[in-house]
Number of protein chains: 2
Amino acid sequence: MSLSYAIEARSRYEAPRSASSDAAVDLLDRMGVRMAFAKDEEVYGQDEDADLIYRVVSGAIRTSRVMSDGRRQIGDFYYPGDLFGLEAGPEHRFSAEALSDCVILVLKRSALKAAGAAPELERLIFAATLSELQRTQEHLLLLGRKTACEKVASFLAELAERRGSDMVDMPMCRQDMADYLGLTIETVSRMLSQLQGSSIVEFSGCRQFRVRNHDALSRLAD
Amino acid sequence: MSLSYAIEARSRYEAPRSASSDAAVDLLDRMGVRMAFAKDEEVYGQDEDADLIYRVVSGAIRTSRVMSDGRRQIGDFYYPGDLFGLEAGPEHRFSAEALSDCVILVLKRSALKAAGAAPELERLIFAATLSELQRTQEHLLLLGRKTACEKVASFLAELAERRGSDMVDMPMCRQDMADYLGLTIETVSRMLSQLQGSSIVEFSGCRQFRVRNHDALSRLAD
DNA sequence: CGTCATCTTGATTACGCTCAAGCTCCGTGG
DNA sequence: CCACGGAGCTTGAGCGTAATCAAGATGACG
């Protein structure tokens, strides 16, 4: 892996890929196996061995952690091109499930290690790890210090930015949003209604919205 | 800052260090510059260029992010042996400040890159990044889904576990705890009193406590 | 068109926040 | 050595935001 992550770490959705990371992605594609998962199917479970890493080809993934009494926290959502399943220890701390029907590229860690002569690959994985760390740190701020309204506004703003369009289809249900934001579905629903009432966003069906006032939305998201 | 921190916390959580990572640490030591920071002094600021990485030699560090209206979230606390300051992008998203007077080993990223022939070093930094990601994910669960009491219990339990002893000195003030846990100092204080009232912990001065009932504490921490 | 899951809305409750007062611990100087 | 002062911590009273409990509304799908 390389320490030039500053350059290499393409932010997740926008920046175009460098030639070298394209090559690395191609290599990943050749080394991995494609698998299909149905909506809500588990890709891996909490406490399972973490000897594989994964890349979303199509569809979307959520990672989540469930407490003994059923409370759930969603770690993140992953979309095509994203790597997930990296762990510091030998076991997964979060489980991963398909948000929708999806295709996942699966790679053995050991295979990656064997192909040690591929520094591009190591760089790619390191960059993905750093990028995920950064996203998780933003998530900390959201959970620890934002109000319900700010949480929901941040969530919609990020979806819209990632999508790069005003019209956004959300792949996740209200419960997934709630468990990502540390709220209940009722509160999420109320905040969405409130944002719609303020003409900041407009919903057409509960899974599709349009941003009507970007400034107001990002001001709320802080 | 007590010596026992320095000895104890060289490797933060799990495995004792391998010979190779010891060599890598020695290399780090030789490449870096030692700097002293006074209590509350800033090591780097939010939005500053991230062209250095850091290792705690003695003392303790907190990383934090402040919102425009002053709300603050602490990312993590770092102790001797811990690396910090790694970023996905070119700028720091969190600032870092000295919790106590401390000595920090500072390394230029570019110097690390130049010493590209040191795969041990890259492995060490990658492992530190993964470990930090894991900690941050646990922090997510705490912030998103735990009650005030569970948050405080988790915090004390982790401090005690890290210290490996029943008697624990806390290097941080109540405000730091509160901003780590997503609470107010009043709530932190109330929960500490409550835990003490239940004979689960016992404080001798507000910065030192003893765990009296490990089982109860870890049950509350979930 | 009917059924069931998902989502929204309403009423009430409770957990943690705010505001306010007192206490403890230390360092400092008389 | 003790009095003083101030920062940090604790405790109390009341409040507000989001949770809970409970109906309805919407929408997807057979």
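Atom set for the values below is all heavy atoms of this structure, side chains included, hydrogens, waters and symmetry mates excluded. Proteins get letters first, then strands, A, B, ... in listed order; numbering begins at 1 in each.
Comparing dG16(C), dC7(C), dT11(D) against the side chain of A148(B) picks out dG16(C) as the nearest. Taking only side-chain atoms of S193(A), from C-beta outward, the nucleotide of dT9(C), dC7(C), dT11(D) with the closest atom is dT9(C). Taking every side-chain heavy atom of T187(B) into account, dG16(C) is the closest of dA18(D), dC9(D), dG16(C). Residue R207(B) places its side chain closer to dC9(D) than to any other of dC7(C), dC17(C), dC9(D).
Although no hydrogens or angles enter the test, the distance criterion places a donor-acceptor pair under 3.5 Å between the side chain of D101(A) and the main chain of K39(A). Remark: the backbone N or O of M167(B) is not paired with any side-chain donor or acceptor of R210(B) at under 3.5 angstrom.
With salt bridges taken as basic N to acidic carboxylate O contacts below 4.0 Å, none links R190(A) and E186(A).
D176(B) has its CG atom 10 Å from the P atom of dG8(D), to the nearest Å. To the nearest angstrom, P of dT24(C) lies 15 Å from CZ of R174(B). As a whole-Å value, the separation of M170(A) CE from dT6(C) P is 14 Å. Rounded to an integer number of Å, the gap from L181(A) CG to dT17(D) P is 19 Å. In this entry the distance linking CD1 of I185(A) with P of dT9(C) reads 13 Å, nearest Å. Put simply, CG on L195(B) is 12 Å from P on dT11(D), counting in whole angstrom units. Remark: P of dA19(D) and CZ of R71(A) are 13 Å apart, rounded to the nearest angstrom. Rounded to an integer number of Å, the gap from Q175(A) CD to dT6(C) P is 10 Å.
One donor-acceptor pair, N or O on each side, does fall under 3.5 Å between the base of dG10(C) and the side chain of R190(A). The base of dC9(D) is not paired with the side chain of E186(B) by any donor and acceptor separated by under 3.5 Å.
Residues R174(A) and L192(A) form a side-chain contact, since some pair of their non-hydrogen atoms from C-beta on lies under 4.5 Å apart.
Contact check, T184(B) against dG16(C): no side-chain N or O comes under 4.0 Å of OP1 or OP2.
Place K146(A) and C206(A) on DNA chain D by their nearest nucleotides, and K146(A) ends up nearer the 5' end. Between R145(A) and M172(A), the residue whose closest nucleotide on DNA chain C is further toward the 5' end is M172(A).
Centroid-to-centroid, the aromatic rings of Y44(B) and Y54(B) come within less than 6.0 Å.
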